[in-house]
Peer 1: 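Dropping the structure in here first, questions after.
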Amino acid sequence: MFARENITFDPIALPDRADMTDAEILAQAQSFHGKMLKRHTVRDFSDRPVDRAVIEECIRTAGTAPSGANHQPWHFVAISDPMFKKRIRDASEEEERRFYEGGAGDEWLKALEPIGTNDNKPHLEDAPWLIVIFAQRWGHFDDGTRYKNYYVPESVGIATGFLLAALHHAGLTSLTHTPNPMKFLNDMLGRPQSEKPVMILAVGHPAADATIPRVAKIKKPLSEILTVSE
């Protein structure tokens with residue numbers, strides 16, 4: 001895709017255009033909001049399998065996200081192998097123990113109390129899939145020369161949002177997990193040093209007795225997150 005001869009501006013007509021009335025547009029916005037209200041972060045997964053094709057389609061959706069200079073500076077590693085999931089859990093829990101034993105600081109740990117988290121991460125093995133998201137600091141042209149990626153954190157953040165929405169739309173639940181540091185994932189998963197692991201998503205179906213923290217249902221009202229100037 002990234003060949004030097006392709007670095008030219010070549011505009012084409014907009015291929016996909018929404019053709020809806022104002023009322024239909026509002027209805028679509030309200031419908032999507034209603035759908036996303038039902039998305040919950042879940043730590044308790046059932047053993048019901050998830051077909052690889054579903055994961056691939058959701059990651060395909062993530063790959064449509066906008067990015068700086070259209071460089072698409074992301075890579076996703078999807079893992080169902082129990083051995084790899086156990087290795088990731090073991091390494092993550094090692095980092096989490098340091099975090100909860102003082103590395104985080106009292107204020108951060110206090111903020112986490114209503115969420116009910118600790119250094120025990122069984123979901124990393126229980127979930128049928130883990131998706132590790134890498135941010136690519138730079139890439140390479142087809143001739144092997146290196147080029148810089150731009151707005152990498154922003155671009156990867158948008159793609160991750162697309163992925164979370166796609167997984168929820170497909171009827172799956174997920175958990176965002178960010179052990180710090182995560183450099184062990186590069187060696188474990190064979191990713192180059194140009195990539196930085198930024199998140200692990202545990203993905204699957206919720207267990208029959210799955211719970212969520214009550215505080216997770218408290219969202220800021222629109223009046224606190226929106227300012228309108230018109």
Side-chain angles (χ1 to χ4, degrees), residues 1-39 41 50-79 129-174 176 189 191-192 194-201 203 219-220 222-230:
M1 177 178 177
F2 288 104
R4 289 188 180 278
E5 60 268 22
N6 292 335
I7 307 178
T8 57
F9 177 60
D10 182 21
I12 61 173
L14 179 65
D16 302 294
R17 188 185 300 271
D19 185 14
M20 294 184 287
T21 66
D22 289 346
E24 289 170 334
I25 292 171
L26 177 58
Q28 287 288 326
Q30 292 170 332
S31 175
F32 187 71
H33 174 242
K35 177 85 173 180
M36 295 307 292
L37 274 177
K38 298 177 181 179
R39 190 209 65 80
T41 296
V50 175
D51 193 89
R52 170 178 167 174
V54 176
I55 300 300
E56 289 178 347
E57 286 304 311
C58 291
I59 293 175
R60 199 190 308 274
T61 296
T64 69
S67 61
N70 192 37
H71 280 194
Q72 304 157 53
W74 45 66
H75 189 86
F76 305 89
V77 179
I79 303 154
W129 287 93
L130 300 181
I131 302 175
V132 183
I133 303 168
F134 288 87
Q136 297 177 328
R137 299 181 181 93
W138 64 84
H140 294 88
F141 289 109
D142 58 344
D143 63 5
T145 57
R146 179 166 142 177
Y147 62 80
K148 180 181 178 181
N149 287 329
Y150 301 93
Y151 297 104
V152 175
E154 297 87 347
S155 301
V156 175
I158 295 170
T160 301
F162 273 41
L163 178 55
L164 289 169
L167 291 167
H168 175 61
H169 187 70
L172 300 175
T173 55
S174 61
T176 56
L189 300 176
R191 300 310 304 166
S194 59
E195 297 181 357
K196 177 183 178 181
V198 296
M199 188 175 297
I200 303 171
L201 288 183
V203 178
K219 302 300 181 184
K220 291 182 180 180
L222 189 64
S223 60
E224 290 188 22
I225 65 172
L226 172 67
T227 298
V228 178
S229 177
E230 60 180 359

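Values below: every heavy atom of this structure, side chains too, minus hydrogens, waters and symmetry copies. It should be emphasised that the depicted structure is a prediction, and the values quoted were computed from it without experimental measurement.
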Peer 1: State, to 0.1 Å, how close Pro66 and Phe162 come at their nearest heavy-atom pair, and which atoms those are.
Peer 2: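 Distance-wise, the nearest heavy atoms are CD-CZ, 4.0 Å.
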Peer 1: CD1 of Ile158 to OG1 of Thr64: how many Å apart, nearest 0.5 Å?
Peer 2: 11.0 Å
Peer 1: What's the spacing between Asn70 CG and Asn149 CG if we round to 0.5 Å?
Peer 2: 10.5 Å
Peer 1: Holding to side-chain contact (heavy atoms from CB on, under 4.5 Å), I want the full list of residues that pass it with Leu226, two or more places apart in sequence or in another chain.
Peer 2: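 With neighbours one apart ignored, the set is Leu222, Val228.
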Peer 1: With under 30° as parallel and over 60° as perpendicular, where do the rings of Tyr147 and His71 fit, or are they tilted in between?
Peer 2: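 The rings of Tyr147 and His71 stand perpendicular, inter-plane angle above 60°.
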Peer 1: Mind checking whether Phe134 and Ser194 have side chains closer than 4.5 Å, heavy atoms only?
Peer 2: no
Peer 1: I need the minimum non-hydrogen distance between Ala62 and Leu163, along with the two atoms involved.
Peer 2: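 Looks like CB-CB, 3.8 Å.
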Peer 1: Please enumerate all residues that pass side-chain contact (heavy atoms from CB on, under 4.5 Å) together with Lys35, with sequence neighbours excluded.
Peer 2: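 Per chain and number, Lys35 pairs via side-chain contact (heavy atoms from CB on, under 4.5 Å) with His168, His169.
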Peer 1: Any heavy-atom pair between the side chains of Ile200 and Ile131 that's under 4.5 Å?
Peer 2: no
Peer 1: Scan the side chains in residues 52-59 for donor-acceptor partners under 3.5 Å anywhere in the protein, sequence neighbours excluded, and list what turns up.
Peer 2:
| unit_1 | atom_1 | unit_2 | atom_2 | d |
| --- | --- | --- | --- | --- |
| Arg52 | NE | Glu56 | OE2 | 2.6 |
| Arg52 | NH2 | Glu56 | OE2 | 3.2 |
| Glu57 | OE1 | Arg60 | NE | 3.4 |
| Glu57 | OE2 | Arg60 | NE | 3.2 |
| Glu57 | OE2 | Arg60 | NH2 | 3.0 |

Peer 1: Got a sec, which pairs hit salt bridge (Lys or Arg N to Asp or Glu O under 4.0 Å) with one end in residues 22-31, sequence neighbours left out?
Peer 2: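 Non-adjacent pairs meeting salt bridge (Lys or Arg N to Asp or Glu O under 4.0 Å): zero.
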Peer 1: Measure the CG-CE distance between Leu130 and Met199 for me, rounded to the nearest 0.5 Å.
Peer 2: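 Reported to 0.5 Å precision, the distance equals 13.5 Å.
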Peer 1: Please check: side-chain N/O of Thr160 versus main-chain N/O of Val156, any donor-acceptor pairing under 3.5 Å?
Peer 2: yes
Peer 1: Within the 3.5 Å criterion, strictly below it, is a donor on Asp143 or Thr145 matched to an acceptor on the partner's side chain?
Peer 2: yes
Peer 1: Under the rule for side-chain contact (heavy atoms from CB on, under 4.5 Å), what residues qualify as partners of Ser155, not counting sequence neighbours?
Peer 2: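 Partners of Ser155 under the side-chain contact (heavy atoms from CB on, under 4.5 Å) test: Ser67, Pro73, Trp74, Tyr151.
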Peer 1: According to side-chain hydrogen bond (donor to acceptor under 3.5 Å, both in side chains), does anything in residues 129-138 pair up with another residue at least two apart or in another chain? List the pairs.
Peer 2: Gln136-Glu195
Peer 1: Quick one: CD1 on Ile79 to CG on Leu189, what's the gap to the nearest 0.5 Å?
Peer 2: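 Nearest 0.5 Å value for the CD1-CG distance: 4.5 Å.
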Peer 1: With rounding to the nearest 0.5 Å, note down the distance linking CD in Gln28 to CE in Met20.
Peer 2: 5.0 Å
Peer 1: Using side-chain contact (heavy atoms from CB on, under 4.5 Å) as the criterion, list what pairs up with Gln30, not counting sequence neighbours.
Peer 2: Leu26
